[in-house]
Colleague: 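My questions all concern the structure below.
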Amino acid sequence: MKKIVITRKINPNMIEKLKKDFEVVVWNENEQPMPREHFLEETKDAHGVMTMLSDKVDREMLENAQNLKVVANLAVGFDNIDLEAARANEVVITNTPDVLTETTAELAFTLMLTAARRVLEANRELMAGEWSGWSPYHMAGTDVFGKTVGIFGMGSIGAAFARRLSGFRAKVLYHNRSRSEVGESMGAELVSFEDLLAESDFVLCAAPLTGETKHRFDKEAFNQMKESAYFINIGRGAHVVEDDLAEAVRKGDIKGAALDVYENEPIGRDHPFIGIDNMTLLPHIGSASVDTRNNMMNLCVNNIMEVLNGGKPITPVQ
């Protein structure tokens with residue numbers, strides 16, 4: 001019987017679906033990733049693996065897993081996977097595009113509104129019993145309505161975010177490696193990276209992580225933004241030079257930032273972002289709705305089943 005390894009606790013219905021035809025080994029932890037040594041040991045005779053972004057699918061793992069045919073990554077991104085080594089070892093890699101688009105765009109919008117209206121600051125004040133009463137500029141934030149919003153990466157999530165802006169009568173700019181017909185059908189304007197930074201009141205990073213986009217948001221980039229602007233990141237943490245962002249917010253080079261992703265996750269209390277009032281920080285929950293996570297898991301299961309039963313993957317990474 002072919003063996004499948006699942007590196008984190010998932011919906012038991014998905015496991016039962018696989019158990020009908022396969023031997024299934026699950027790392028039955030919700031929060032803690034499968035230790036590297038255990039991962040290598042369990043996958044060395046596996047035919048299929050369902051991985052998370054925290055699992056490093058590198059040349060060592062792929063060459064160690066002699067029977068491996070498919071890796072289904074529970075994410076849209078796949079920067080945890082060595083695609084060249086996968087091709088060399090004839091392992092199919094799949095991801096979960098589209099099913100999490102709307103949920104992640106919704107979270108990005110939540111981050112923007114939360115930061116702009118100082119929601120977390122206001123909540124902390126109230127919960128600490130420090131609210132002394134109404135005054136004209138007490139916790140006065142920034143409107144999103146009618147502002148200019150710049151989107152770095154007009155893929156499916158960027159486009160879904162842009163669509164949500166229509167009700168706010170915002171001017172939408174975007175920077176992408178190619179023109180986006182979907183984005184422009186919603187009135188978004190393609191501009192240079194420099195113009196995106198200089199003209200936007202809110203800058204959203206929704207791009208995939210590549211060699212070109214890594215650390216694109218550095219001190220120079222933040223210096224080009226308006227002092228009244230906010231930076232929002234739901235792409236990947238490594239898009240940002242984190243010390244530069246912390247300095248930019250502390251010094252007032254930009255008004256604030258709202259982030260769901262970090263270069264090394266999870267972050268601890270010693271992280272440079274911790275303790276900065278005008279930073280809204282979430283623990284990588286972009287696609288974390290029950291419906292979406294179930295849909296992602298189901299897509300991974302179906303990809304594994306298709307490949308191991310001799311069919312074609314549903315969502316292969318090219």
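Quick caveat: nothing in here was measured; it's all calculated off a predicted structure.
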Colleague: So that I can tick it off, tell me whether Glu102 and Arg164 are bridged by a salt bridge, with the cut-off set at under 4.0 angstrom between side-chain N and carboxylate O.
Modeller: yes

Colleague: Side-chain donor-acceptor pair under 3.5 Å between Asn73 and Asn80, yes or no?
Modeller: yes

Colleague: Walk me through it: do Phe168 and Phe145 pass the test ring pair (Phe, Tyr, Trp, His ring centres under 6.0 Å)?
Modeller: CA-CA 5 Å; Phe168 285 72; Phe145 187 88; 7.1 Å; no

Colleague: Can you tell me if Thr315 and Asn303 form a side-chain donor-acceptor pair at under 3.5 Å?
Modeller: yes

Colleague: Indicate yes or no: does Glu184 engage Arg179 in a salt bridge with an N to O separation below 4.0 Å.
Modeller: yes

Colleague: Run the salt-bridge test on Glu60 and Arg36 with the 4.0 Å N-O cut-off and return the result as yes or no.
Modeller: yes

Colleague: Less than 3.5 Å apart, any donor N or O on the side chain of Arg293 or Ser287 sitting next to an acceptor on the other?
Modeller: yes

Colleague: We want to know whether Asn11 and Asn294 form a side-chain donor-acceptor pair, criterion being a heavy-atom distance below 3.5 angstrom.
Modeller: yes

Colleague: Using only heavy-atom distances, determine whether the side chains of Asn67 and Lys2 contain a donor-acceptor pair under 3.5 Å.
Modeller: no

Colleague: Ring-plane angle category for Phe193 and Phe217, please: parallel below 30°, perpendicular beyond 60°, tilted otherwise.
Modeller: perpendicular

Colleague: Quick one about Arg8 and Ser54 (side-chain donor to acceptor, distance below 3.5 Å, no hydrogens or angles considered), yes or no?
Modeller: yes

Colleague: Does any donor atom in the side chain of Glu242 or His271 lie under 3.5 Å from an acceptor atom in the other side chain?
Modeller: yes

Colleague: Can you tell whether the side chains of Arg87 and Glu90 come within less than 4.0 Å, N to carboxylate O?
Modeller: no

